[in-house]
**Q** 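Structure in structure tokens, see below.
Owing to the predicted nature of the structure, the values given are computational and were not obtained by experimental measurement.
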Amino acid sequence: MMTADNPRSGRAAVALPWLATLARLALGTVWVVAGAHKIDDLRASVRAVRAYELLPEPAAQIVGAGLPVAELLLGVLLIVGLGVRAGAVLSVLLLIAFVIGIAAAWARGLRIDCGCFGSGGELGPGQRPSYGPELARDAGLLALAGLLARWPRTRFAVDGWLFDTDSSGTDSSETRA
Amino acid sequence: MSKQRSRSGSAKLMAAQGTAERRGRAVLVGTAVAVLVLFAGAIGFGLYRAQQEPASTSVAIPPGATAQGIPTGSPDAPVTLDVYLDFQCPICKTFEERTGDTIERLVDAGSVRAIYHPVAYLDRFSTTSYSSRSSAAAGCAAAAGVYPEFAERLFAEQPPEGGDGLSAQRLIEIGRSVGAGGRFADCVRQGTYEAWSQRLTETASRAGINGTPTVLVDGEQLQDRSPAGLRAAVEHATPR
């Protein structure tokens with residue numbers, strides 16, 4: 001069971017934690033940026049969620065107002081590397097929800113901005129929805145989050161310091177880096 | 001740093017205990033992270049609710065306006081036009097410039113009643129929440145009976161996106177130039193109709209108005225917002 005977790009072939013053992021570190025920082029940065037862009041106008045965020053025409057009013061308010069703050073915290077936790085596996089799993093769940101929302105908007109022919117980084121709502125007459133790129137971006141992030149959920153051990157993480165007692169294969173690679 | 005451990009039985013036992021302890025700690029941290037993120041979401045929701053005026057409180061409505069907007073024209077007109085606009089929205093400006101006169105003529109002819117909803121959707125596109133400020137100022141203009149003229153001037157002087165918007169002073173000057181006297185200046189400075197603006201924005205959003213401009217002809221969304229498109233839609237909606 002541990003073999004997949006700790007690939008012993010020298011190079012992979014060295015590369016994996018660094019790769020996961022990059023994934024962690026990238027994902028964390030995206031969450032922070034997404035949250036920060038929306039947090040200063042929570043009403044606009046609620047309106048962006050309403051524009052999907054998916055959630056009943058109370059749920060749209062909770063998601064629209066809660067998401068920016070949650071994204072911001074999730075991003076900060078990932079960047080400092082605290083509870084990386086949980087953060088990665090939460091990221092996977094959120095991204096799956098986003099993909100469903102965007103795909104549903106696309107399928108129903110709505111013309112909206114996804115509101116992923118602020119704004120949101122209906123597009124102007126000259127604007128075309130960019131559901132394809134939005135979905136591709138979320139798929140990429142989903143891959144990063146999945147990678148991180150599977151291999152949450154990364155460098156420069158608070159987790160590493162918290163779980164320092166580990167003397168097994170994964171951490172011994174630390175000395176080689 | 002690597003600890004040299006003899007592979008004796010007790011060392012293995014200690015290692016097993018260590019693993020269990022680590023796992024316990026990982027579960028604890030994971031749970032804490034999930035709870036924290038949920039809690040952050042709850043804080044966001046709490047902030048949002050705190051910003052909202054409770055639906056039960058009554059807000060000051062400009063004389064001549066309603067809770068939802070500013071009606072112009074005869075209430076007996078056969079067709080009702082709802083115009084949702086944001087003074088920061090460039091396409092609204094284009095719409096006003098292209099089709100504004102047509103609406104005015106239809107209103108003057110008694111063919112339509114136009115209800116203007118100056119919503120504040122685009123606060124993010126200025127550093128001073130110009131959408132909200134201009135919307136509240138439109139309430140002051142409605143109270144002074146000069147909304148149509150005021151709105152036209154606001155679009156003519158529409159500030160660029162991402163800028164500071166028009167200052168309160170400039171809004172007051174524009175109001176004066178179209179004949180708003182009396183308490184107009186105080187009304188703009190004190191934000192008398194801020195709550196009204198917020199309320200009508202919320203009402204519009206809940207009614208499924210997801211962008212500006214949105215024009216409804218007897219409740220039906222107008223697709224072709226050109227003068228000809230509007231005239232055709234109004235004609236179609238007019239009962240004969």
**Q** If I take atom CZ from residue R43(A) and atom CD from residue E202(B), how far apart are they, to the nearest 0.5 angstrom?
**A** 8.0 Å

**Q** So for Q223(B), is it side chain, backbone, both, or neither that comes closer than 4.5 Å to the heavy atoms of chain A?
**A** neither

**Q** Which atoms of R206(B) are under 4.5 Å from chain A, going by heavy atoms: the side chain, the backbone, both sets, or neither?
**A** both

**Q** Can you tell me how far CD of E122(A) sits from CD1 of I209(B), rounded to the nearest 0.5 angstrom?
**A** 8.0 Å

**Q** What heavy-atom pair brings Q61(A) and Y48(B) nearest, and what distance separates the two atoms?
**A** OE1-CE2, 3.6 Å

**Q** Side chain to side chain contact (heavy atoms under 4.5 Å, CB included) for R85(A) and V33(B)? Distances and angles first, verdict last.
**A** CA-CA 9 Å; R85(A) 174 161 269 163; V33(B) 163; over 6 Å; no

**Q** To check you understand the geometry: which heavy-atom pair defines the closest contact between G44(B) and L42(A), and what is its length?
**A** O-CD1, 3.6 Å

**Q** Give me the atom names and distance for the closest heavy-atom approach of A65(A) to F45(B).
**A** CB-CA, 3.8 Å

**Q** Which region of A120(B), side chain (C-beta onward) or backbone (N, CA, C, O), has a non-hydrogen atom less than 4.5 Å from a non-hydrogen atom of chain A, or is it both or neither?
**A** backbone

**Q** Where on L110(A) is there a heavy atom nearer than 4.5 Å to chain B: the side chain, the backbone, both, or neither?
**A** neither

**Q** Please state whether the side chain, the backbone, both or neither of E53(A) comes within less than 4.5 Å of a heavy atom of chain B.
**A** side chain

**Q** When heavy-atom pairs shorter than 4.5 Å are enumerated against chain B, which of I39(A), V46(A), D41(A), D113(A) gives the highest number?
**A** V46(A)

**Q** Would you mind checking which part of L36(B) comes under 4.5 Å of any heavy atom in chain A, side chain (CB onward), backbone (N, CA, C, O), both or neither?
**A** both

**Q** Between V37(B) and L77(A), is there a side-chain heavy-atom distance shorter than 4.5 Å?
**A** yes

**Q** Go through the atoms of F125(B) and report whether side chain, backbone, both or neither lie under 4.5 Å from a heavy atom of chain A.
**A** side chain

